[in-house]
Engineer: 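Below you'll find the structure I mean.
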There are 4 protein chains.
Amino acid sequence: MTQLARAGSANRSEDDVHEGRRHDLAVAALHTWSEYGYSQVSVRNVARRTRFSHGMVHYYFQSKDALVAECVRIIRDSQIFSAGEGKVGDITSYSQLVADTICESFRKNRRLHRIRFDLRNQSQFEPALRVYADEIEEAYTAAKDAVRERYESLGWTFDPPFELLAAQVDALRERAVRAELLGEDLEDVVRTMHDDLLQVLPKNP
Amino acid sequence: MTQLARAGSANRSEDDVHEGRRHDLAVAALHTWSEYGYSQVSVRNVARRTRFSHGMVHYYFQSKDALVAECVRIIRDSQIFSAGEGKVGDITSYSQLVADTICESFRKNRRLHRIRFDLRNQSQFEPALRVYADEIEEAYTAAKDAVRERYESLGWTFDPPFELLAAQVDALRERAVRAELLGEDLEDVVRTMHDDLLQVLPKNP
Amino acid sequence: MTQLARAGSANRSEDDVHEGRRHDLAVAALHTWSEYGYSQVSVRNVARRTRFSHGMVHYYFQSKDALVAECVRIIRDSQIFSAGEGKVGDITSYSQLVADTICESFRKNRRLHRIRFDLRNQSQFEPALRVYADEIEEAYTAAKDAVRERYESLGWTFDPPFELLAAQVDALRERAVRAELLGEDLEDVVRTMHDDLLQVLPKNP
Amino acid sequence: MTQLARAGSANRSEDDVHEGRRHDLAVAALHTWSEYGYSQVSVRNVARRTRFSHGMVHYYFQSKDALVAECVRIIRDSQIFSAGEGKVGDITSYSQLVADTICESFRKNRRLHRIRFDLRNQSQFEPALRVYADEIEEAYTAAKDAVRERYESLGWTFDPPFELLAAQVDALRERAVRAELLGEDLEDVVRTMHDDLLQVLPKNP
DNA sequence: CATGAATGAGTTTTCATTCAT
DNA sequence: TATGAATGAAAACTCATTCAT
């Protein structure tokens with residue numbers, strides 16, 4: 001093993017540490033975001049959640065914007081849209097599966113969804129945020145397509161079109177997010193969403 | 001006409017002027033809000049839109065909160081939810097009417113809807129805004145109830161329940177708001193929303 | 001009676017009204033001053049206490065300074081230092097009388113004294129206030145001289161000099177003012193001051 | 001010496017620098033206070049005295065209140081009440097010593113006394129300031145007690161009570177503060193106070 | 001006489017950012 | 001790497017003052 005290789009390996013491990021720190025800071029930012037909203041995601045507020053100084057945050061992220069970008073990357077990569085994975089034979093039971101998995105994923109990722117909705121809203125007014133909102137939307141589209149194809153492979157044809165159904169499902173998510181933030185019990189929220197999904201998703205004719 | 005009466009009338013007209021200015025300032029705030037989002041609705045930003053100083057805005061509104069409250073009052077009183085007024089005989093043509101009027105109202109009030117969605121979002125994180133969001137929600141509920149009753153009087157029973165339909169309709173509005181803000185042509189946006197509404201609203205069996 | 005005379009008389013009565021208003025406003029200012037301190041004597045705070053607008057205050061007083069000047073004039077003319085009026089034969093009973101009258105005057109005018117102490121303090125830092133503080137001090141000196149002469153006519157010679165005694169008496173007033181403002185019962189405050197005065201004022205040898 | 005120890009020592013010295021700056025800023029505030037009064041002790045005015053921006057002052061002091069608190073701490077800890085330290089055998093010469101030390105301390109700390117009197121005055125109207133005024137008053141009480149005990153150990157009994165004497169002494173200080181601020185020569189002021197003290201303090205029978 | 005519209009400078013505070021160490 | 005000193009712009013709000021009516 002050469003000096004160089006050792007140096008390389010050292011750098012590699014330093015890089016890992018670096019990446020780890022970055023990730024930790026972004027996670028702290030996500031917490032702040034989901035609890036207090038985008039407007040409170042300030043470098044200082046985030047740093048306050050960590051054992052680091054606000055100067056540190058600027059060391060790892062060139063700007064507040066870069067911090068937000070990292071948050072978005074985490075959301076995008078975290079499979080918050082996973083739905084309908086698993087094998088079932090008919091449409092009604094597939095819808096059941098979809099409802100179950102959407103609810104399960106919601107339960108786990110509701111804070112990220114809350115951020116997603118907040119970001120989507122803010123991105124209307126801050127053009128700089130649009131690329132981030134779009135990134136997430138793309139991930140969402142991929143997940144939706146998988147479900148649509150599955151439904152179609154089971155012989156279902158969407159009328160009204162699938163897009164409208166997907167929009168409705170997402171509206172249910174948004175509503176659930178709001179309900180929980182306003183203090184409603186999580187289990188009640190999820191149960192309601194599950195019921196609503198079953199009424200809205202395709203059923204065998 | 002007596003002195004007193006004249007004085008009274010003078011005060012009345014002065015009050016009107018005062019109320020007019022207040023209203024104008026609130027409208028300026030609404031413009032700022034709809035273009036740049038709630039976070040940019042600062043007293044100075046609003047004043048900058050007018051020919052007045054920021055001290056002026058504080059002269060008319062005791063606080064930023066009072067300014068926001070006036071904005072909300074304007075939205076609440078501006079009939080942005082009006083839909084389905086007019087007489088028609090059957091369900092399909094009533095849905096047509098509803099779609100038409102929703103679209104027409106949207107065309108006129110889309111900036112206010114944009115604010116409404118922003119407010120609803122922010123109110124999740126700023127408890128002080130909740131009363132405002134609720135005020136508007138109440139006005140919305142009243143409008144929705146009128147439509148539901150009309151449908152029911154025409155013999156329609158909602159299954160899935162009306163609430164889900166209403167949520168879907170509002171989601172279509174939100175989507176249209178976003179689409180326009182992202183640069184899509186207003187006419188296209190409205191046409192799409194109209195098509196979607198027709199697919200989603202009740203039809204004669 | 002000529003037009004002119006009537007006009008003159010009308011002006012006279014208008015002047016009286018004018019003076020009356022000025023006085024009322026200054027009294028309102030004195031209330032604000034004694035309750036909230038000099039820093040809160042703003043044109044608006046004073047106007048708020050009256051049925052007039054803050055513009056009015058500026059109509060009657062060219063500036064905030066002129067308002068303060070009028071306040072001072074009122075204090076100066078209001079005999080807050082009256083003490084020792086009345087006939088008694090020996091020194092001990094004169095001291096008794098002085099203590100009684102000082103306490104009585106304090107009870108009536110304690111708010112004005114509070115203002116006087118506040119003014120004396122502020123005048124150290126705002127040179128513009130010094131003339132006002134001096135005006136009051138002069139009135140005080142006159143009252144003190146009367147008492148001193150009376151003591152001397154009864155055969156008392158001051159050693160330590162009268163000035164030190166007077167300073168001590170005023171310190172007792174200041175202390176009483178503070179005690180009352182901090183919530184102590186007025187009667188207790190006055191009783192304590194009376195006791196202290198008796199211990200401090202001259203007694204027959 | 002280990003890394004850790006060095007690091008500790010580095011931190012210690014950094015802390016010292018930080019505390020030093022804080023102290024310097026508070027001293028600047030004390031200067032502003034003694035020259036222009038409490039009402040002018042604004043963050044900006046204080047910053048203006050230094051080479052720093054007003055943002056800096058907020059960096060070191062979370063709020064204006066914290067700045068005031070630090071000022072008070074400095075006053076409290078600066079022994080402005082020290083009097084009568086030293087050994088003497090009889091009452092007259094102890095009074096001499098007390099007068100000397102009070103005057104010496106006054107010469108050094110007259111600006112702090114000025115602030116103390118201003119604070120005591122303001123605290124009547126701003127309840128938030130009372131804790132600060134009380135803090136200083138406590139330090140004063142301790143100093144007074146020491147003197148009283150010393151007099152008593154020399155066989156002196158106070159009648160009128162010691163409290164009245166102490167009030168008179170403090171009134172002399174206040175008067176001296178005012179006299180100097182109004183332009184009188186410091187030496188004259190101190191000489192007068194010294195004379196007055198000797199006339200007022202206990203003497204051998 | 002009297003009002004209140006309007007201004008501009010002032011207050012405290014927060015924050016993104018830069019930079020020396 | 002990491003800190004925290006330092007800045008300057010912006011926020012909400014207050015107030016003395018001027019002035020048209």
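Every chain is numbered from 1 and lettered A, B, ... according to where its sequence line falls, protein lines coming before strand lines.
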Engineer: Compute whether any side-chain donor of one residue and acceptor of the other, for C:Asp24 and C:Tyr60, lie under 3.5 angstrom apart.
Structural biologist: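 No, no side-chain donor-acceptor contact under 3.5 Å.
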
Engineer: Before you tell me yes or no, could you show the steps for D:Glu35 and D:Arg114 under salt bridge (Lys or Arg N to Asp or Glu O under 4.0 Å), namely the whole-Å CA-CA distance, both residues' side-chain angles and the distance that decides it to 0.1 Å?
Structural biologist: CA-CA 9 Å; D:Glu35 280 173 38; D:Arg114 192 181 303 158; over 6 Å; no

Engineer: Starting the side chain at C-beta, find the nucleotide from E:dG10, E:dG8, F:dT3 nearest to B:Ser53.
Structural biologist: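 The answer is E:dG8.
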
Engineer: Between D:Gly55 and B:Ser39, name the one whose nearest nucleotide on DNA chain F is closer to the 5' end.
Structural biologist: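 Counting from the 5' end, the first nearest nucleotide belongs to D:Gly55.
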
Engineer: Distance check needed: F:dA2 C1' versus A:Arg22 CZ, whole Å only.
Structural biologist: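 Between C1' of F:dA2 and CZ of A:Arg22: 16 Å.
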
Engineer: For a 4.5 angstrom cut-off between non-hydrogen side-chain atoms, does D:Glu70 reach D:Phe61?
Structural biologist: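 Yes - at least one pair of side-chain heavy atoms lies under 4.5 Å apart.
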
Engineer: Does B:Ser42 put a side-chain nitrogen or oxygen below 4.0 Å from OP1 or OP2 of F:dA11?
Structural biologist: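 Yes, because at least one side-chain N or O of B:Ser42 sits under 4.0 Å from OP1 or OP2 of F:dA11.
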
Engineer: Just checking, is any N or O donor in the side chain of C:Asp65 or C:Tyr132 under 3.5 Å from an acceptor N or O on the other one?
Structural biologist: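 Yes, a side-chain donor-acceptor pair sits under 3.5 Å.
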
Engineer: Does B:Asn45 place a side-chain N or O at less than 4.0 Å from the phosphate oxygens OP1/OP2 of F:dA11?
Structural biologist: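 Checking F:dA11 against B:Asn45, a side-chain N or O does come within under 4.0 Å of OP1 or OP2.
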
Engineer: Starting at the 5' end of DNA chain E and moving along, which residue's nearest nucleotide shows up first, D:Arg48 or C:Arg51?
Structural biologist: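 Looking at DNA chain E, the more 5' nearest nucleotide goes with C:Arg51.
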
Engineer: For the pair made of NE2 in D:His18 and C1' in F:dA6, what is the distance, rounded to whole Å?
Structural biologist: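 Going from NE2 in D:His18 over to C1' in F:dA6 covers 12 Å.
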
Engineer: Hey, is the side chain of C:Tyr59 poking within less than 4.0 Å of OP1 or OP2 on E:dG4, counting only N and O atoms?
Structural biologist: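 No, no such contact exists.
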
Engineer: Paired with E:dT21: which nucleotide, if any, by Watson-Crick or G-U wobble criteria at under 3.5 Å for both distances?
Structural biologist: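 The answer is F:dA2, by the H-bond criterion.
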
Engineer: Measure CE/B:Met56 against P/F:dC15 and give the value in whole Å, please.
Structural biologist: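 Atom-to-atom, B:Met56 to F:dC15, this comes out as 19 Å.
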
Engineer: For B:Phe61, report the nucleic acid contact type (base, sugar-phosphate, nothing); a contact means any heavy atom under 4.0 Å.
Structural biologist: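 Touches nothing.
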
Engineer: Among the candidates E:dC15, F:dA2, E:dA6, find the nucleotide nearest to the side-chain atoms of A:Gln40.
Structural biologist: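 Nearest listed nucleotide: E:dC15.
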
Engineer: Between D:Phe52 and B:His58, just flag the one whose closest nucleotide in DNA chain F comes earlier from the 5' side.
Structural biologist: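 Closer to the 5' end of DNA chain F: D:Phe52.
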
Engineer: How many Å lie between OH on D:Tyr60 and C1' on F:dG4, as a whole number?
Structural biologist: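 Between C1' of F:dG4 and OH of D:Tyr60: 8 Å.
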
Engineer: Checking base pairs now: Watson-Crick or wobble, both atom distances under 3.5 Å. What partners E:dT14?
Structural biologist: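 The base-pairing partner of E:dT14, which may sit in any strand shown, is F:dA9.
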
Engineer: Side chain of C:Lys64 only, heavy atoms from C-beta on: which candidate in F:dA6, F:dT17, E:dA6 is closest?
Structural biologist: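 The nucleotide sitting nearest to the side chain is F:dT17.
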
Engineer: Assign each of A:Gln62 and C:Arg44 to its nearest nucleotide of DNA chain E by heavy atoms, then name whichever residue's nucleotide is nearer the 5' end.
Structural biologist: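 Result: C:Arg44.
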
Engineer: For a side-chain contact (heavy atoms from CB on, under 4.5 Å) check, start with the C-alpha distance between C:Arg48 and C:Arg44, then their side-chain angles and the critical distance, and finish with the verdict.
Structural biologist: CA-CA 6 Å; C:Arg48 219 167 279 152; C:Arg44 297 180 116 87; 3.8 Å; yes

Engineer: What about B:His54, does its side chain sit under 3.5 Å from the base of F:dC13 through a donor-acceptor pair?
Structural biologist: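 Yes.
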
